Trainee: 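First the structure, then my questions, so here it is.
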Amino acid sequence: MKNLKFEELNLSDEILKAIGNKGYEEATPIQAQSIPYIMEGRDIIGQAQTGTGKTAAFGIPILEKLNQGEKTVQGIVLCPTRELAIQVAEEIRELAKFKRGVEVLPIYGGQPIDRQIKALKRKPQIIVGTPGRVMDHMNRGTLKIDKVRMVVLDEADEMLDMGFIDDIVTILKVVPEERQTMLFSATMPKPILELTKRFQKDPKHVMVVHKELTVPKVEQVYFEVKEKTKLEVLSRLIDMYNPKLSLVFCNTKRKVDELVAELQGRGYFADGLHGDMKQVQRDRVMSKFRSGAVDVLVATDVAARGIDVDDIEAVFNYDLPQDEEDYVHRIGRTARAGRGGRAFTFVVGREIFKLRDIQRYAKAKITLQKAPSSEDVEEVRTNLFLDKVIEIMDEDDLSQYVSIIERLAGEDYTSIEIAAALLKMAVGNKDKEVQHEETDFNDTGAEDGMVRLFINIGRNQKIRPGDIVGGIAGETGIPGKLIGSIDIYDKYTFVEVPREYAGDVIRIMKDNQIKGRRINIEPANAKH
Ligand code: AMP
């Protein structure tokens, strides 16, 4: 696929400046393909997952086509969850940073309606909302959409799964016919295709087709991490495996600079490489990396193209790549010239779906590993160190050192104590504890990998499975299809959720409502 610079997309200076500010180096494939059509005024069907850069793919052209002087709602983005609505609104707002007077407002269920009514009075031009809440405001007359010219259905398949299809149809019937309709969806089930037939005009179907690439034979693992624990986990993995050279990938220039500073602050010999650097600077960094003076190189995909260094023993996907092909290119930088190599990938929250796509595309086995604890680091480091000790005892002449140890041992110490002290100095644990927020759940009677939760509402409150899925998915942002079996009794309900999300679901839902009722939610007792 051809990689496009944003400069080639005929964008305004304000938008280019905002893109530069965010540190994006080049357009992702879905952006490169969608932006020109949307700018032309075409309807599009974009087949893309979260994590591919699809928000900017529609956000940038919407901002370019907006009439800044006109204080009416001109663009409306419908999203399945409140989490996504907030995220999308934030991304569009950042892209609009240098466009004057552009107001973007997220509206979603769960937030007090009065506050939203007040915010709507400020005349935002772009609304990002969940369908239910958008309908609610339309019915109250607090949101007028008769001047809307651009509509986006974001994650249409998710909205379908969550039962929003009727609301979407109602909204689309009210928006003026003279409009541009953009639909983004990871999958294209029949009801979505029907929606596109009914409500789009001659839509252009945009999807990213990938080349077949040969995937290198590299040991590939991934870690489920939080954004704020990435640095600690990276440091531990480097300490643990002590790779001769490591290559760490970030998605933006800004992230490269930040991470280099953080790693240097922790005492690593790290440096960075990205597209903004002059050739002489790059050459300098590369020659330090080749010689080992820098042993952790942090880079963007663009900058790392063409890096061909034999001793890279580990590749880290600090940010998950936006495009599947990039994953294969990245991990191919290690295990060169017949040497062994490892690829470590960090996955945050919903990025797990993106990883599944990568896995399918690369036909690779990427196995989940638990982030190393400080004890793990110490154990592996000790073993690696002891291997080295054995090698030295076997191969080197140690007579000069033996006499020093003998002298010390002659005083009050045994040679075992001296060896132990030296080992402690060499590999002793200096790390801080990483904060894991994982909660251990006892047996809740759920299927493997799931946790069964008890909720104190049921049939008596007219609860249906859709209310539970909609409530949990809508508030927590976990996709509806991940929610497992639901058993509704008169006074209570059991629902199974994936183990890795269970803690978050309990924490978020405790302060929330389902069908307008405050709930109590806790891990179930296996006996039930
Ligand atoms: P999305 O698929 O819209 O959820 O985007 C996923 C992430 O990619 C977000 O954090 C965006 O800020 C980021 N992103 C979007 N476009 C680019 C780009 N061209 N280069 C680097 N990062 C990007």
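As the structure lists them, so they are numbered: ligands from 1, and atoms in each ligand from 1. Below, all heavy atoms of this structure are taken into account, side chains as well, without hydrogens, waters or symmetry copies. This is a predicted model, so every value here is computed, not measured. Residues take their numbers from the sequence shown, with the count starting at 1.
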Trainee: Using a 4.0 Å cut-off on heavy atoms, what residues surround ligand 1? Order them by chain and number.
Mentor: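 If the criterion is a heavy atom under 4.0 Å, then ligand 1 touches Phe6, Tyr24, Glu26, Thr28, Gln31, Thr50, Gly51, Thr52, Gly53, Lys54, Thr55, Glu91, Asn251, Thr252, Gln322.
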Trainee: May I ask you to check whether Tyr241 and Phe344 place their ring centers less than 6.0 Å from one another?
Mentor: yes
Trainee: If you compare all heavy atoms of Lys65 against all heavy atoms of Ile38, which two are closest, and at what distance to 0.1 Å?
Mentor: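 Minimum heavy-atom contact is NZ-O, 3.3 Å.
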Trainee: Measure across Val209 and Glu325 and return the closest heavy-atom pair with its distance rounded to 0.1 Å.
Mentor: O-OE2, 4.3 Å
Trainee: Ignoring hydrogens, what is the shortest heavy-atom contact between Gly275 and Thr300? Give both atom names and the distance.
Mentor: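 Closest heavy-atom pair between Gly275 and Thr300: N-OG1, 4.3 Å.
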Trainee: Does the side chain of Gln220 pick up a donor-acceptor pair with the side chain of Tyr327 at under 3.5 Å?
Mentor: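 Short answer, yes.
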Trainee: If you define the side chain from C-beta out and look only at heavy atoms, does anything of Ile19 sit under 4.5 Å from Leu11?
Mentor: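 Side-chain contact under 4.5 Å: yes.
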